[in-house]
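Structure first, commentary second.
Lettering of chains follows the sequences in order, A, B, ..., and the numbering in each one begins at 1. Everything numeric in this text was worked out from a predicted model, so none of it was measured.
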Number of protein chains: 2
Amino acid sequence: MSEPRASALSEIRQRMLDFIVRYKEEHDLPPTIREIQRGLGISSTSMVSYHLKALERAQLVNRYHRRSRGLVLQQPAHARDMVSVPIVGQIVASEPVPTPDADALASADNVLHIARSLVGNGRNLYALEVRGDSMIDALINDGDIVVLQRVENPAEVKNGDLAAVFLLDRNESTLKRVYREGQRLKLKPENPRMRPFYVDAAQASIQGKVMCVIRRT
Amino acid sequence: MSEPRASALSEIRQRMLDFIVRYKEEHDLPPTIREIQRGLGISSTSMVSYHLKALERAQLVNRYHRRSRGLVLQQPAHARDMVSVPIVGQIVASEPVPTPDADALASADNVLHIARSLVGNGRNLYALEVRGDSMIDALINDGDIVVLQRVENPAEVKNGDLAAVFLLDRNESTLKRVYREGQRLKLKPENPRMRPFYVDAAQASIQGKVMCVIRRT
DNA sequence: CTTGACGTAGAACGTCTGTTCAGCTATCAT
DNA sequence: ATGATAGCTGAACAGACGTTCTACGTCAAG
């Protein structure tokens, strides 16, 4: 038998927590004390009340006291953490990478909802759809979605970050890992079978940092 | 003044709907009839009941009758549409693609939360992390996450679907677009610069359908 | 052994809650 | 005018609900 510790949950409390989660998922509504009682075969409402107080002290549930169904779960990670990313255009090799202004953001008719856990703080995000196979050395194909974070200060891009870069001398945009080497920029394709190459830092304009690449199939 | 039509919502009902939405967001709990009454300055609970019945007929709310706070909103688009996908293992060329059983699903310590809009109905999903660059002709690199849907019936995989296939004769797993051509299977790399090839259908085992590929950077 | 902490059982209480009903007013087509 | 429909009021009821209290049992520490 495993000893229940002060900080651990007794079996019944764990089951209560599970029951509440399941009930909420099923009904989109927290259970009442008596529903918990019946659902777990507990003999008395006072028992439920008792353990509920313990769960409350352990900060595992919040309660609205004296209110029916006044049970609120401490957000279990996945709750409410979606972020809306506007798909503001397409990325084409022969054009600079679009960087949206407030106008373009507001009028974006296409929005991608993704989990915040994929994109960090979620500030200044926008998405582009890739056209053609010109980004193939970044392992990105026609139709893929690239989620970018707007770069306001070039220092935001650290060595090894994958970024959208526009090459002034070639009149071409590309997605590469960026490394600063003195006056030069080393641009390394995401494809490990391809060779890095170098450009004059003055001839390259970093436009956005790639946070995430998504391919729907 | 705009005439309220039979199919349109009278002002009070619209306000009730708004109130319920706001209340739920604020408290993570539906309101009681009397809370709606007080919140909107309605004189009687029977009025709330009355309008609630109308909203119910209009399919704008669902109700658990005779249950306190038994109000459930018809999901307003973005709500609740996250799906948890367990990352159950890694995909390596030289091994069959893992297909998780209930056990593996329960013990998955790593879970990916993604928007349901990326993965359709969200049934039987699991995710694998790619190891090495053996999937590079599917434009997938080391560290990428592949979201798969378990294939129970081979017919679920339609021509042109991207799928995880294990090639018995080569003892190798791979991600390719699959086309049935008589006794043969045409396997087309996701990379448009590479050539498709053919295998005997009996020598290929389709293990999962690729729903989505995600690269975090 | 005593004590205290913890878990349990059962019941009671006062309030909250959804529902219903009888009756009121206003509008509008018949 | 008549009747129908919709909106509204106020009150009441029965059951659901959260809370609290007394009493009991167990177990380990002092």
What pairs of residues pass the side chain to side chain donor-acceptor pair (under 3.5 Å) test when at least one of them lies in residues 160-173 of chain B, not counting sequence neighbours?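 For residues 160-173 of chain B, and leaving out neighbouring residues, there are no side chain to side chain donor-acceptor pair (under 3.5 Å) pairs at all.
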How does DNA chain D read in dot-bracket, base by base from 5' to 3', with Watson-Crick or G-U pairs under 3.5 Å and | used when the partner is on another strand? ||||||||||||||||||||||||||||||
What pairs with [X] under side-chain contact (heavy atoms from CB on, under 4.5 Å), at least two apart in sequence or on another chain?
{"X": "B/Ala54", "answer": "B/Arg13, B/Arg57"}
{"X": "A/Arg67", "answer": "A/Tyr64, B/Glu35, B/Arg69"}
{"X": "B/Glu26", "answer": "none"}
{"X": "B/Asn191", "answer": "A/Ile136, B/Leu139, B/Arg193, B/Met194"}

What is the per-nucleotide protein-contact pattern of nucleotides 14-21 of chain D, from the 5' end, where B denotes a base atom under 4.0 Å from a protein heavy atom, S denotes such proximity for sugar-phosphate atoms only, and - denotes neither? ---BBBBB
Show me, pair by pair, the donor-acceptor contacts under 3.5 angstrom made by side chains of residues 40-49 of chain A, not counting sequence neighbours?
{"unit_1": "A/Ser44", "atom_1": "OG", "unit_2": "A/Ser46", "atom_2": "N", "d": "3.1"}
{"unit_1": "A/Ser44", "atom_1": "OG", "unit_2": "A/Ser46", "atom_2": "OG", "d": "2.8"}

To the nearest Å, give me how far apart [atom1] ([X]) and [atom2] ([N]) are.
{"X": "A/Leu40", "N": "C/dT8", "atom1": "CG", "atom2": "C1'", "result": "15 Å"}
{"X": "A/Leu55", "N": "C/dC6", "atom1": "CG", "atom2": "P", "result": "15 Å"}
{"X": "A/Met47", "N": "C/dG10", "atom1": "CE", "atom2": "C1'", "result": "11 Å"}
{"X": "B/Ile12", "N": "D/dA6", "atom1": "CD1", "atom2": "C1'", "result": "14 Å"}
{"X": "B/Met16", "N": "D/dG7", "atom1": "CE", "atom2": "P", "result": "12 Å"}

According to a strict under-4.0 Å criterion, is A/His51 in side-chain N/O contact with OP1 or OP2 of C/dC6?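 No, outside the criterion.
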Would you say A/Leu128 and A/Ile87 make side-chain contact, with heavy atoms under 4.5 Å?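 Sidechains of A/Ile87 and A/Leu128: no contact.
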Pairs in or reaching into residues 138-148 of chain B: which pass salt bridge (Lys or Arg N to Asp or Glu O under 4.0 Å), with residues at least two apart or in two chains?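 For residues 138-148 of chain B, and leaving out neighbouring residues, the salt bridge (Lys or Arg N to Asp or Glu O under 4.0 Å) pairs sorted by first residue read B/Arg131-B/Asp142, B/Asp144-B/Arg215.
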